[in-house]
Amino acid sequence: MDKAECRTQVTAALQRLGMLVSRKDPSVLAEFANDADVLLVGSEGSEVVEGPAALRRFFSEVFRAPANIGWEWRRVRISSADDVAWLFAEGELVIVADARPQRRPYRLTGVLQRQGRRWLWKHFHGSEPA
């Protein structure tokens with residue numbers, strides 16, 4: 001796979017993740033590798049989640065909250081080697097509660113691995129810079 005095609009597919013995976021999270025769609029779990037070492041680190045101190053079962057519990061809790069969350073990215077940088085890609089995205093976390101959006105700066109680094117025809121998240125690390 002050439003670098004341009006990889007960037008296109010990884011960008012689509014990033015957009016798909018955001019769409020599924022904003023819709024509170026439990027199929028978001030299929031975007032992550034089904035491996036014991038899959039890791040999600042969020043911006044809150046308690047958001048260190050490792051493994052498929054912990055991811056399921058994490059998203060279940062996030063989706064029970066009354067607010068919807070999503071991201072709007074201003075800058076995305078993607079690199080790759082073989083079946084592994086890593087990215088840096090910078091933009092805003094958008095939290096919608098009571099029909100009023102709140103925006104906060106947000107940064108994301110991630111590692112994805114191509115498994116078959118899909119790019120799956122192996123590592124997600126989001127942060128809200130001070």
Side-chain angles (χ1 to χ4, degrees):
M1 169 179 302
D2 69 25
K3 299 281 185 184
E5 185 178 356
C6 174
R7 280 192 300 276
T8 298
Q9 290 181 10
V10 171
T11 299
L14 175 64
Q15 292 170 339
R16 192 170 47 253
L17 180 72
M19 177 198 62
L20 292 170
V21 169
S22 70
R23 291 181 180 174
K24 298 185 176 188
D25 187 332
S27 68
V28 71
L29 294 169
E31 299 300 311
F32 289 84
N34 191 27
D35 299 333
D37 63 349
V38 67
L39 183 66
L40 180 148
V41 179
S43 56
E44 301 296 321
S46 63
E47 293 178 341
V48 178
V49 182
E50 189 169 1
L55 273 175
R56 195 169 19 265
R57 288 189 302 273
F58 171 78
F59 280 112
S60 177
E61 184 177 314
V62 168
F63 292 169
R64 278 196 304 269
N68 286 59
I69 62 171
W71 299 276
E72 290 182 8
W73 304 115
R74 285 188 313 277
R75 181 170 77 141
V76 177
R77 184 172 182 272
I78 298 168
S79 298
S80 63
D82 300 321
D83 288 340
V84 176
W86 50 97
L87 66 85
F88 168 74
E90 188 169 36
E92 292 180 317
L93 171 68
V94 181
I95 303 168
V96 180
D98 300 323
R100 290 186 305 249
Q102 299 175 18
R103 296 174 176 278
R104 300 179 187 163
Y106 203 81
R107 292 181 179 154
L108 165 66
T109 58
V111 177
L112 293 89
Q113 182 179 35
R114 188 173 58 183
Q115 295 182 5
R117 306 183 110 217
R118 302 189 60 217
W119 286 93
L120 300 178
W121 291 85
K122 294 280 291 182
H123 179 90
F124 173 110
H125 185 186
S127 67
E128 294 178 51

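Just the heavy atoms: all of them, side chains too, but no hydrogens, waters or symmetry mates, feed the values below. Residues take their numbers from the sequence shown, with the count starting at 1. Because the structure is predicted, anything quoted here is derived from the model rather than measured.
- At least one donor-acceptor pair closer than 3.5 Å links the side chain of Lys24 to the backbone N or O of Ala65.
- Rounded to the nearest 0.5 Å, atoms CZ (Phe88) and CH2 (Trp73) are 9.0 Å apart.
- One hydrophobic cluster, built from ILVMFWY side chains closer than 4.5 Å, holds both Leu29 and Val38.
- The distance from the CG atom of Leu112 to the CH2 atom of Trp86 is 11.5 Å, given to the nearest 0.5 Å.
- With sequence neighbours left out, the salt bridge (charged side-chain N to carboxylate O under 4.0 Å, His left out) criterion links Asp2 to no other residue.
- Leu40 has its side chain within reach of Phe58: a pair of non-hydrogen atoms, C-beta onward, lies under 4.5 Å apart.
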Between side-chain atoms of residues 120-130 and protein atoms elsewhere (two or more places apart, or another chain), which donor-acceptor pairs fall under 3.5 Å?
| unit_1 | atom_1 | unit_2 | atom_2 | d |
| --- | --- | --- | --- | --- |
| Lys122 | NZ | Asp35 | OD2 | 2.7 |
| Lys122 | NZ | Asp37 | OD1 | 3.2 |
| Glu128 | OE2 | Ser43 | OG | 3.0 |

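- Annotation for Leu93 and Tyr106: closest pair N-CB, 3.6 Å, computed over non-hydrogen atoms.
- Using a 4.5 Å cut-off between side-chain heavy atoms of Ile, Leu, Val, Met, Phe, Trp and Tyr, with links allowed through other members, Val28 and Ile95 fall into the same hydrophobic cluster.
- Of the inter-residue distances, the one linking Glu90 atom CD with Arg107 atom CZ reads 4.5 Å to the nearest 0.5 angstrom.
- Nearest heavy-atom pair, Cys6 versus Trp119, reported as atom, atom and distance to 0.1 Å: SG-CZ2, 3.7 Å.
- A distance-only check finds a donor-acceptor pair linking the side chain of Asn68 to the backbone of Ser22 [under 3.5 Å].
- Contact of the Val49 side chain with the Phe59 side chain is not registered, since no non-hydrogen atoms from C-beta on lie closer than 4.5 Å.
- Phe32 and Met19 fall within the same hydrophobic cluster, where Ile, Leu, Val, Met, Phe, Trp and Tyr residues are linked whenever their side-chain heavy atoms come under 4.5 Å apart, directly or through other members.
- The backbone N or O of Ala30 sits less than 3.5 Å from a side-chain atom of Arg118, completing a donor-acceptor pair.
- Evaluation of the salt bridge (charged side-chain N to carboxylate O under 4.0 Å, His left out) rule for Glu72 yields Arg103 as partners, not counting sequence neighbours.
- Atom CG of Leu87 is separated from atom OG of Ser80 by 11.0 Å, given to the nearest 0.5 angstrom.
- In this structure, CZ on Phe63 lies 7.5 Å from CD1 on Ile69, to the nearest 0.5 angstrom.
- Counting heavy atoms from C-beta outward, Glu92 and Pro105 have side chains that stay 4.5 Å or more apart.
- A donor-acceptor distance shorter than 3.5 angstrom exists from the side chain of Glu47 to the backbone of Glu44, with no hydrogens or angles considered.
- Under the 4.5 Å side-chain criterion, counting only non-hydrogen atoms from C-beta, Arg100 is not in contact with Val96.
- With hydrogens and angles disregarded, no donor-acceptor distance shorter than 3.5 Å links the side chain of Asp82 to the backbone of Val84.
- Of the possible polar contacts, none joining the Ser60 side chain to the Arg56 backbone as a donor-acceptor pair under 3.5 Å is found.
- No chain of hydrophobic side-chain contacts below 4.5 Å, direct or via other Ile, Leu, Val, Met, Phe, Trp or Tyr residues, connects Leu39 to Val10.
- Here the CD atom belonging to Glu31 is positioned 9.5 Å from the CG atom belonging to Asp25, to the nearest 0.5 angstrom.
- Both Leu108 and Leu20 are part of a single hydrophobic cluster, where members link through side-chain heavy atoms under 4.5 Å apart.
- For Glu61, the CD atom sits in a loose shell: 12 or fewer heavy atoms of surrounding residues, nucleotides or ligands are nearer than 6.0 Å.
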